[in-house]
Amino acid sequence: LTETWGVTYWDYTDGTSDVYFRQLSEEGVPVDDAKLITRAPGDAFGAAMVWTGTEYGLVWQDRRDGVWEIYFNRLTPDGEKLGPDRRVTFAADWSINPTLIWTGVEYVVAWQDWRHRVSAPDNFEVYFTFLDREGLEIGDDIRLTRDPDNSEAPSLALNAVDGEIGIAFVDGRTGNEQIWFAIVDGAGTTLVEPFRISDTRTDAFSVEVAWADGAYLLAWQEETEAGDFDVMGARIERPGVRVDGPTVIAGGEAWARRPRMLVNGDEVLIGYSDDRSGVYDIYAALYDTRFGRLGDDIVVTRGPVDSVYG
């Protein structure tokens, strides 16, 4: 097991956007210089990354071929590539906002796709696919959503007990952006059709899903009727029955945005940005799997300008 962390980010250092990797110590201190992951001409944004137990798998959006497509590669713990970049998507038009998980034997990659815009202008749909250990696609792309409005920004979580995958995403079919959720099996067959989680007359977006304590946990950003933003949460048990939530995780008098979750047994660390100090800083707090708070906020960043993406 590695005793270091790996992080990815995109940066405009060379005039175009590229994806970088950096190795950190257990304490979060950089071990060496950042490594450039994307070397082809054209912008690249991302990347989503997962640890398999021996190496990292990562996906990002890249327009080296003229339009935005999803690419994949594997990295050693110190960020060295284990092979050539592999293009995952080949359909006409944009494929963006990728995410991935590792099941123990293969990768699952999900993204939003614009291949249908000829018949439905400006309509993104959520797709997903399976990749083997080397990043080669197993079967065809699988379409999850089929509504005329946008379906976008998916997030994945593995229920390893039942071999199922939860997919949360943002969808506009009700007239504004809301959080929706579906469950598929290990072959990609839909077990629970997409259903709505958020319940607001305003917009909800930036959703994250995780599996813990026998349930799917969702966290997202939601606009209040007063025009503020809160971080909300919900707990869903198979086969898609909401047990807890939606409930306010963070916000109130401050604007809270863009949650991220990290599960450790029966505890969940939730990070988010919050403007209580006058600018956006990154905060984190520990919760149980029903979103009961277990401690005080941890201030991660404190600076004169905004820190938004956790």
Side-chain angles (χ1 to χ4, degrees), residues 8-10 16-21 36-50 52 55-75 81-103 105-156 158 165-172 180 182 184-190 194:
T8 60
Y9 59 95
W10 56 267
T16 59
S17 175
D18 286 300
V19 174
Y20 290 81
F21 172 93
L36 177 64
I37 301 301
T38 54
R39 300 180 180 275
D43 289 321
F45 288 94
M49 186 168 66
V50 65
T52 70
E55 63 195 36
Y56 294 107
L58 70 160
V59 288
W60 67 92
Q61 62 193 55
D62 192 308
R63 62 177 181 182
R64 68 184 68 180
D65 298 314
V67 296
W68 291 109
E69 300 292 351
I70 308 304
Y71 279 79
F72 170 90
N73 210 326
R74 299 175 300 131
L75 304 178
K81 287 186 177 182
L82 291 170
D85 297 343
R86 296 191 183 277
R87 183 171 165 177
V88 176
T89 56
F90 291 88
D93 248 308
W94 292 5
S95 302
I96 59 175
N97 280 344
T99 187
L100 84 165
I101 57 172
W102 170 251
T103 69
V105 294
E106 60 193 5
Y107 297 96
V108 187
V109 180
W111 67 94
Q112 67 185 69
D113 199 292
W114 213 7
R115 68 184 71 179
H116 307 287
R117 77 178 183 129
V118 173
S119 57
D122 298 324
N123 177 36
F124 281 105
E125 300 289 355
V126 173
Y127 274 76
F128 64 100
T129 194
F130 297 86
L131 308 180
D132 68 14
R133 288 178 177 269
E134 305 298 317
L136 297 176
E137 191 168 13
I138 305 170
D140 298 326
D141 298 346
I142 302 171
R143 182 178 177 179
L144 177 70
T145 59
R146 298 179 179 275
D147 190 84
D149 282 288
N150 269 340
S151 303
E152 56 191 8
S155 178
L156 300 171
L158 175 68
I165 300 157
I167 307 178
F169 57 96
V170 178
D171 195 291
W180 288 65
V184 302
D185 67 15
T189 301
T190 299

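Everything numeric in this text was worked out from a predicted model, so none of it was measured.
Side-chain atoms of Thr38 do not come within 3.5 Å of backbone N or O of Asp18 as any donor-acceptor pair. When atom types are taken as modelled, the side chain of Thr8 and the backbone of Ala47 share a donor-acceptor pair closer than 3.5 angstrom. In this structure, the side chain of Gln61 engages the main chain of Asn97 through a donor-acceptor pair within 3.5 Å. Side-chain N or O atoms of Asp62 include none that pairs as donor or acceptor with a backbone N or O of Ala44 at under 3.5 Å.
Phe45 pairs with exactly one of Trp60, Tyr20, Tyr9, Trp10 by the ring-ring contact (aromatic ring centres under 6.0 Å, His included) rule, that one being Trp10. In summary, of the residues considered (Thr52, Val59, Ile101), a side chain to side chain contact (heavy atoms under 4.5 Å, CB included) with Tyr107 occurs for Thr52 alone.
Contacts of Asp132 classified as salt bridge (charged side-chain N to carboxylate O under 4.0 Å, His left out), with partners at least two apart in sequence or in another chain: none. With sequence neighbours excluded, the residues that form a salt bridge (charged side-chain N to carboxylate O under 4.0 Å, His left out) with Asp85 are Arg64, Lys81. Every residue two or more places apart in sequence or in another chain that forms a side chain to side chain contact (heavy atoms under 4.5 Å, CB included) with Thr89 is listed here: Glu69, Ile70, Ser95, Trp111.
Ring pair Phe124/Trp94 is tilted by interplanar angle, where 30° to 60° counts as tilted.
Here the OH atom belonging to Tyr127 is positioned 7.5 Å from the CG atom belonging to Asp141, to the nearest 0.5 angstrom. Separation of atoms CZ (Arg86) and CD (Glu134) is listed at 6.5 Å; rounding is to 0.5 Å. One distance of note links CD1 of Ile138 with CD of Glu106; it measures 4.5 Å at 0.5 Å rounding. Rounding to the nearest 0.5 Å gives a distance of 4.5 Å between CZ of Phe128 and CD1 of Ile167. Here the CG atom belonging to Asn123 is positioned 5.5 Å from the CG atom belonging to Asn150, to the nearest 0.5 angstrom. Interatomic distance, Thr103 OG1 to Ile165 CD1, rounded to the nearest 0.5 Å: 7.0 Å.
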Intermediate values then yes/no, salt bridge (Lys or Arg N to Asp or Glu O under 4.0 Å), Glu125 and Arg115: CA-CA 8 Å; Glu125 300 289 355; Arg115 68 184 71 179; over 6 Å; no

Are Trp114 and Ile96 close enough, and set up right, to give a side-chain contact (heavy atoms from CB on, under 4.5 Å), and what steps lead you there? CA-CA 9 Å; Trp114 213 7; Ile96 59 175; over 6 Å; no

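Of all heavy-atom pairs between Leu58 and Leu75, the closest is CD2-CG, 3.5 Å. For Arg87 against Phe90, the heavy-atom pair with the smallest separation is O-CE1, 3.3 Å. The heavy-atom pair separating Pro194 from Phe169 by the smallest distance is CB-CZ, 3.8 Å. Here the closest non-hydrogen pair linking Leu100 and Val109 is CB-CG2, 4.0 Å. When every heavy atom of Gly139 is checked against every heavy atom of Thr129, the shortest pair comes out as O-OG1, 4.4 Å. Annotation for Val105 and Arg133: closest pair O-CG, 3.8 Å, computed over non-hydrogen atoms.
A 4.5 Å side-chain heavy-atom check between Asp65 and Tyr71 finds at least one atom pair inside the cut-off. Residues Leu158 and Trp102 have side chains not in contact (no heavy-atom distance under 4.5 Å, counting atoms from C-beta outward).
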